Structure formats: structure tokens, C-alpha cells
Amino acid sequence: MSSNLRRRVAVVGATGLAGQQFLVSLAGHPWFEVAALAASERSAGKRYRQALKRPDGSSGWQCDEPLPAQFAEQEVVDAAGLDAGAVDLVFSAVESDAARVLEPRYAAQVPVISTASAFRYEEDVPVLVPGVNLEHAALVKRQQRERGWKGFVAPQPNCTAIGLVIALAPLVRSFGVERVIMTSLQALSGAGRSPGVVALDVLDNVIPYIPSEEEKVEKETRKVLGRLEGERIAPLDIPVSATCTRVNVRDGHLESVAAGLGRAASPGEVAEAMGAFARDFTDLGLPSSPPELIRVLDDPYRPQPRLDRDTHGGMTTVVGRIREERALPNGIKFVLLSHNTRMGAATGATLLAEYLVHRGLA
Ligand SMILES: NC(=O)c1ccc[n+]([C@@H]2O[C@H](COP(=O)([O-])OP(=O)(O)OC[C@H]3O[C@@H](n4cnc5c(N)ncnc54)[C@H](OP(=O)(O)O)[C@@H]3O)[C@@H](O)[C@H]2O)c1
């Protein structure tokens with residue numbers, strides 16, 4: 001491996017759900033070495049395994065994979081005091097309020113790849129999705145110039161928007177998209193650990209509202225699918241309508257999507273465009289890249305969260321039930337499944353970092 005790809009990284013919010021997934025993604029990573037773990041002052045000064053302990057003594061480790069041994073005894077530092085200059089790159093997995101304060105401090109020195117929403121809507125901040133809009137990465141130069149930072153903030157979109165933009169991007173390119181209506185059935189892990197979803201609220205139930213989620217999905221979808229014009233992004237100027245619900249599934253966001261296309265296309269043409277999507281990106285063979293960004297299934301009973309969320313390690317968006325939508329002009333509808341804590345959070349952010357390193361931007 002070329003030594004110029006090696007980076008020392010910090011994971012901030014390392015004790016949370018997304019942070020834990022980062023550690024799973026980064027354990028044994030060929031380029032990235034985790035040099036620092038950071039969280040709130042509640043965890044600071046403790047060994048990582050100790051910081052995960054809940055008040056009742058149980059472990060708060062929530063990944064399927066065991067806690068990588070190399071991190072168990074590593075000391076957790078206070079994110080507020082993290083010396084970003086001692087690493088090459090920061091992965092940030094804290095809630096938005098904390099991110100708004102912490103991420104600029106780190107970005108003054110090094111690139112920050114974030115799962116938080118704090119900076120997604122700033123004019124000079126790209127919301128990057130591997131294979132979809134990496135040309136927007138050019139905006140980080142504007143961030144550095146205008147904010148006087150050596151690094152930058154590169155947030156991922158919301159974990160519901162990510163599957164949606166991946167599935168829509170080939171349609172935008174091949175046929176044009178004029179309108180989108182999406183209803184999500186989102187997994188419990190998307191709500192994180194604190195506050196999370198109360199078991200008794202969701203057992204035998206569906207919760208039809210997730211605060212702020214629909215606005216995020218609508219705005220981010222237009223931004224990610226927008227065009228880079230000089231050093232700004234012109235959002236895709238179409239109506240995007242989202243209804244977001246929480247269902248009793250652990251991982252994997254399912255979305256029912258109806259789109260009005262710019263020209264008529266058959267379900268077969270749509271399936272072909274999706275199946276061929278982003279081969280130039282997957283051919284780069286980046287360490288966390290799946291061999292295909294979209295897999296199209298023709299079994300009408302798929303995709304299903306339990307059966308399909310782990311396709312290529314949860315990095316592939318699985319699409320099924322592609323059919324005509326007669327209620328919209330040039331309408332097409334389908335169901336997609338995207339793994340919210342893999343492509344939708346830590347592993348997706350790791351893949352994004354790999355791309356930025358590969359391009360010489362981080
Ligand atoms: N869960 C998902 O599927 C998912 C998907 C995409 C994006 N995200 C985003 O990822 C971020 C983290 O989500 P999560 O689900 O992992 O949340 P979480 O499980 O609640 O974890 C929050 C993490 O942030 C730390 N933290 C809290 N307040 C802090 C502060 N003031 N300063 C420094 N660290 C602080 C916590 O440390 P302590 O343990 O010390 O309290 C913990 O490590 C959010 O922005 C979320 O929107 C999550």
C-alpha cells in the first residue's frame with residue numbers, strides 16, 4: 001500500500017451508535033489508524049470499554065460484531081479538548097448541537113467527515129454521497145478560503161436521504177426527474193441510543209412522525225442531486241415530498257418511492273439504468289466500496305430489511321418492485337432498502353473519506 005494513503009484519525013462520539021459502527025469499520029482498515037477516541041465529558045478519562053457501561057452495569061456496545069480488542073482499553077478523551085492537529089482526519093458522530101460547536105474547531109486544522117446535520121445546509125458545504133455527487137467536493141476549497149480553515153467539514157446526508165438519492169441519481173441522469181413522493185419505514189437504530197425510541201412505544205406499533213426528518217430528506221435530496229455551478233450548488237428544482245415513519249425493525253430503512261420522470265421509461269429501462277449506475281466509482285475498488293451501489297431484485301417480495309440489508313456489508317441500496325405509477329405523468333414507482341448504520345452512517349462516511357484521500361483532498 002502506498003504510504004501517502006495512510007491517515008491517523010480520531011472518532012468523535014465514539015461511544016454512540018454511529019461511533020461504535022465507525023470502530024467496526026475502521027478496525028484493521030488498510031489506510032486509517034484510529035489514534036484518538038473522543039466523547040462527552042461523561043466518558044472522558046475512562047477506558048473505552050468502561051465508558052460504554054450503562055448505569056445498571058451492562059455494556060452499551062450495540063454492534064453485531066464484537067468490540068474490536070484494540071479499542072477496549074484505549075482512553076476516551078473529552079471531545080471539547082481533542083487536539084485535532086495531532087491527527088490527519090476526524091470522523092464526527094455526535095448530535096447536531098455538539099457538532100455545531102466541535103466541528104469548526106477541528107476543521108480549522110484537518111478535514112472532518114461528519115454524520116451530523118449541523119453544517120449540511122450551509123452554502124459552502126457539500127453533502128457528499130459516494131458515486132452520486134462527488135464533483136461537489138470542489139466546494140471544500142471555497143470553505144477553506146472563506147472560513148480560513150486548513151481542513152473542511154464534509155457531512156453525509158441523513159440516513160433516509162442517502163438511499164433515496166442513490167436510487168434517484170441514475171433516473172435523473174438517464175430520464176430526468178420532475179417530482180418525487182416518498183414514504184419511509186425507518187429502523188429503530190436510526191434514532192440512536194439517546195434518546196432513542198422507547199420499547200413500549202414501538203412494540204406492536206408504527207410511529208407516523210419523526211421530528212424534522214421530512215424537511216431534512218426533502219432539502220438534502222434536492223441539494224445532493226443539484227448541479228455544481230462554479231463554487232455553489234444549484235439544488236435540483238423539483239418538488240420532493242417525504243412522509244417518514246418509525247417501524248419496529250432494528251436496522252435498514254425501507255422506502256416506497258414514486259417519481260415522475262422527464263420522459264417516459266419502462267420498468268425495464270429503469271432497472272437497467274439503476275443496475276449500471278456508478279460503475280466508474282465502484283471500479284476504483286476503494287477499501288469500503290461495494291462492487292455495486294444498487295442491486296435490483298425482481299422477486300416482488302423483496303427487498304426486506306432482514307433478508308437484504310446486509311447486501312455487500314450494508315453498502316448496497318437494494319431496489320425492487322419497479323413498476324409503472326399511473327397517478328403521475330411518466331410515473332415510475334419502486335421500493336428501496338438502505339442500511340442506515342452502514343451506508344447511511346459510519347461505513348458510508350469511511351468510504352467518503354477514502355474517496356477524498358484518493359482524490360488528494362483529505
Ligand atoms: N444512528 C444512526 O443510524 C445514524 C445514521 C446517520 C447519522 N446519524 C447521526 O450520527 C450522530 C450520532 O448519532 P448516534 O445515533 O450515534 O447518537 P448516540 O448513540 O446518541 O451517540 C452520541 C455520541 O455523542 C457523544 N456526545 C454527546 N454529547 C456530546 C458532547 N456535548 N460533546 C461530545 N460528545 C458528545 C456521546 O458521548 P457519551 O457516550 O459520552 O454521552 C456519544 O458518543 C447524529 O448526528 C445522528 O444524526 C446516526
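Every heavy atom of this structure was used, including side-chain atoms; hydrogens, water molecules and symmetry mates were not. Note that this is a predicted model, so its numbers are computed, not measured. Read the numbers this way: they start at 1 and go in the same order the structure lists the ligands and their atoms.
Listed by chain and residue number, the protein contacts of ligand 1 are Gly13, Ala14, Thr15, Gly16, Leu17, Ala18, Ala39, Ser40, Arg42, Ser43, Ala79, Ala93, Val94, Glu95, Ala98, Leu102, Thr115, Ala116, Cys159, Ser189, Gly190, Gly192, Arg193, Ser194, Asn340, Thr341, Gly344, Ala345 (heavy atom within 4.0 angstrom).
Using a 3.5 Å distance cut-off with no hydrogens or angles, the side chains of Ser96 and Ser117 do pair a donor with an acceptor. Remark: the Gln21 side chain and the Thr347 side chain contain no N/O donor-acceptor pair separated by less than 3.5 Å.
Between the side chain of Gln156 and the backbone N or O of Ser114 there is no donor-acceptor pair closer than 3.5 Å.
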query: Going through the checks in order, is the side chain to side chain contact (heavy atoms under 4.5 Å, CB included) test met by Leu23 and Tyr48?
result: CA-CA 11 Å; Leu23 299 193; Tyr48 185 69; 3.5 Å; yes
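Here the closest non-hydrogen pair linking Arg7 and Ala362 is NH2-O, 2.7 Å.
Ionic pairing of Asp237 and Arg227 is not present here: no N-O contact between side-chain nitrogen and carboxylate oxygen is shorter than 4.0 angstrom.
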